[in-house]
Protein chains: 2
Amino acid sequence: MKRRKTQSQEEILEILKDSNSALNHDMLQAKLTTKIDRATIYRVLNRFSDDGLVHKVIGDDGKQYFAFCLNCDKEKKQHSHNHFHFKCLKCGKVECLKNEIDVSLPKGYTTEAFNGLISGYCSNCS
Amino acid sequence: MKRRKTQSQEEILEILKDSNSALNHDMLQAKLTTKIDRATIYRVLNRFSDDGLVHKVIGDDGKQYFAFCLNCDKEKKQHSHNHFHFKCLKCGKVECLKNEIDVSLPKGYTTEAFNGLISGYCSNCS
DNA sequence: TATTTAATGCGACTTTATTGCATTAATATG
DNA sequence: CATATTAATGCAATAAAGTCGCATTAAATA
Ligand SMILES: [Mn+2]
Ligand SMILES: [Mn+2]
Ligand SMILES: [Zn+2]
Ligand SMILES: [Zn+2]
């Protein structure tokens, strides 16, 4: 299954690149100039996530947020995102925090996915 | 609004106490001997969470998991749970990890809630 | 025992996300 | 360029998780 370069994907990726924070479906749709179907948006986003192009973060609100990968070592066998995301409760912005976190698991435990989210107020809103 | 001691709450709290892992609505309902309405279960759980009796964790699956508070200093002004939870992708168990995490936020940022979840395989399942 | 109102049950509803299927369009091939 | 192949899309239906309004029940208190 080779990937194809489509207009929808291009536009969505551009939006994610230009955004300095993670976006959920709603926020992304609001930024679209073209009309793209909801199902397509989700499919595109999850495809990006599967391909390691974006992070997928689950918010306190249970919604899926997507952020373009920056400073992620995609050459590594395991593309990892062991950093927290911060969600402002007032302005809604979701951003990546710089520090990579090292969590020590009990013996015999293995990691498949990391999801770290802190909610609070950003410097503009507190 | 003073809290009342009801049978539903008692039973749900017992189940959470006896469980060594976080439970979502489904898992909890399966353990009930009495039949309690879905809305009530959610209301009870969120009440517990508001009162600092249990943690509420959002999984990768977007579902709400609840775990009885252990080793949480409830005397502190801010009842904090800055620890990760681990969810086994095979057996489904969600458990609290011991280490408290210290995340450094950018200047001017304040924390209201912490949600850390690692998915993977536990020692029994890997 | 009577009064007050927190908690519950039920059903309707909302929100978020997924899936099946027919159609479209990106890529490859001659 | 014309044609074949199938990934990607649009649409509608569906699923799943959680919330809300409101009438009823039952804890607490007097
Ligand atoms: Mn990345
Ligand atoms: Mn606690
Ligand atoms: Zn803000
Ligand atoms: Zn397991």
Side-chain angles (χ1 to χ4, degrees), chain A residues 1-16 22-51 53-67 85 87 89 92 94 113 115 117 119, chain B residues 1-16 22-51 53-67 85 87 89 92 94 113 115 117 119:
Chain A
M1 284 205 198
K2 205 180 265 177
R3 294 275 128 93
R4 293 180 182 179
K5 196 172 187 175
T6 69
Q7 226 177 336
S8 297
Q9 293 182 94
E10 297 282 284
E11 185 171 5
I12 291 174
L13 192 57
E14 273 315 302
I15 291 174
L16 289 174
L23 304 175
N24 64 23
H25 168 267
D26 272 348
M27 300 156 85
L28 206 145
Q29 196 169 49
K31 287 178 188 273
L32 286 174
T33 59
T34 322
K35 199 209 162 195
I36 305 180
D37 187 72
R38 194 174 61 253
T40 301
I41 296 178
Y42 278 114
R43 281 190 279 231
V44 167
L45 290 172
N46 284 310
R47 216 179 294 144
F48 286 165
S49 175
D50 289 345
D51 293 349
L53 221 59
V54 304
H55 318 183
K56 182 177 182 173
V57 191
I58 309 291
D60 297 33
D61 49 16
K63 293 181 192 168
Q64 304 178 352
Y65 289 82
F66 298 85
H85 294 85
K87 178 169 178 217
L89 295 169
V94 178
N115 195 62
L117 184 84
S119 299
Chain B
M1 281 205 201
K2 205 181 265 178
R3 295 275 129 93
R4 292 180 184 180
K5 197 173 186 176
T6 68
Q7 228 178 335
S8 298
Q9 293 182 96
E10 297 282 284
E11 185 172 3
I12 291 175
L13 192 56
E14 273 315 303
I15 291 175
L16 289 174
L23 304 176
N24 63 24
H25 167 266
D26 273 347
M27 299 155 86
L28 206 145
Q29 195 170 50
K31 287 179 188 276
L32 287 174
T33 58
T34 322
K35 198 207 162 194
I36 305 179
D37 186 72
R38 193 175 60 255
T40 302
I41 296 178
Y42 279 112
R43 281 190 278 230
V44 167
L45 289 172
N46 284 308
R47 216 178 294 145
F48 286 165
S49 175
D50 289 345
D51 292 351
L53 222 58
V54 303
H55 318 184
K56 182 176 183 171
V57 192
I58 309 292
D60 299 32
D61 49 16
K63 293 180 192 167
Q64 304 178 350
Y65 289 82
F66 297 85
H85 294 84
K87 178 171 177 214
L89 294 169
V94 178
N115 193 63
L117 184 84
S119 299

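So you know, we letter chains A, B, ... as the sequences are listed, proteins then strands, and number each from 1.
Taking 4.0 Å as the cut-off between side-chain N and carboxylate O, A:K87 and A:D60 do not count as a salt-bridged pair.
The outermost nucleotides of DNA chain C lying under 4.0 Å from heavy atoms of chain A, listed 5' to 3', are C:dT16 to C:dT27.
Side-chain contact check for B:L28 versus B:L45: some heavy-atom pair is nearer than 4.5 Å. Within the 4.5 Å cutoff, no side-chain heavy atoms of A:V94 are placed close to those of A:M27. Put simply, the side chain of B:I58 reaches to within 4.5 Å of the side chain of B:Q64, judged on heavy atoms. Within the 4.5 Å cutoff, the side chain of B:I12 has heavy atoms near those of the B:F48 side chain.
The closest side-chain donor-acceptor pair between A:E11 and A:T34 falls under 3.5 angstrom.
Partners of B:Q9 by side-chain hydrogen bond (donor to acceptor under 3.5 Å, both in side chains), not counting sequence neighbours, listed by chain and number: B:T6, B:R47. For A:S8, there are no side-chain hydrogen bond (donor to acceptor under 3.5 Å, both in side chains) partners at least two apart in sequence or on another chain.
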What N/O pairs connect the protein and nucleotides 14-21 of chain D at under 3.5 Å? Give each pair on its own line.
| unit_1 | atom_1 | unit_2 | atom_2 | d |
| --- | --- | --- | --- | --- |
| D:dA17 | OP1 | B:K63 | NZ | 2.8 |
| D:dG18 | OP1 | B:Q64 | N | 2.7 |
| D:dG18 | OP2 | B:Y42 | OH | 2.3 |
| D:dG18 | O5' | B:Y42 | OH | 3.3 |
| D:dG18 | O6 | B:R38 | NH2 | 3.4 |

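Pairing each heavy atom of A:S119 with each of A:L89, the nearest pair is CB-CD2, 4.0 Å.
Distance check, rounded to the nearest 0.5 Å: CD of A:Q29 to CG of A:L23 gives 12.5 Å. To the nearest 0.5 Å, atom CG of residue B:N24 and atom OH of residue B:Y42 are 7.5 Å apart.
Note on ring orientation: taking the six-membered ring where Trp is involved, the planes of A:H85 and A:H55 are perpendicular (angle over 60°, cut-offs 30° and 60°).
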Item to check | Per-nucleotide protein contact string for nucleotides 25-30 of chain D, where B marks a base within reach and S marks sugar-phosphate only (heavy atoms under 4.0 Å, - for neither) | outcome: -BBSS-

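Within the helix from C:dT1-D:dA30 to C:dG30-D:dC1, the inter-axis angle between the opening and closing five-pair segments is 40°, rounded to 10°.
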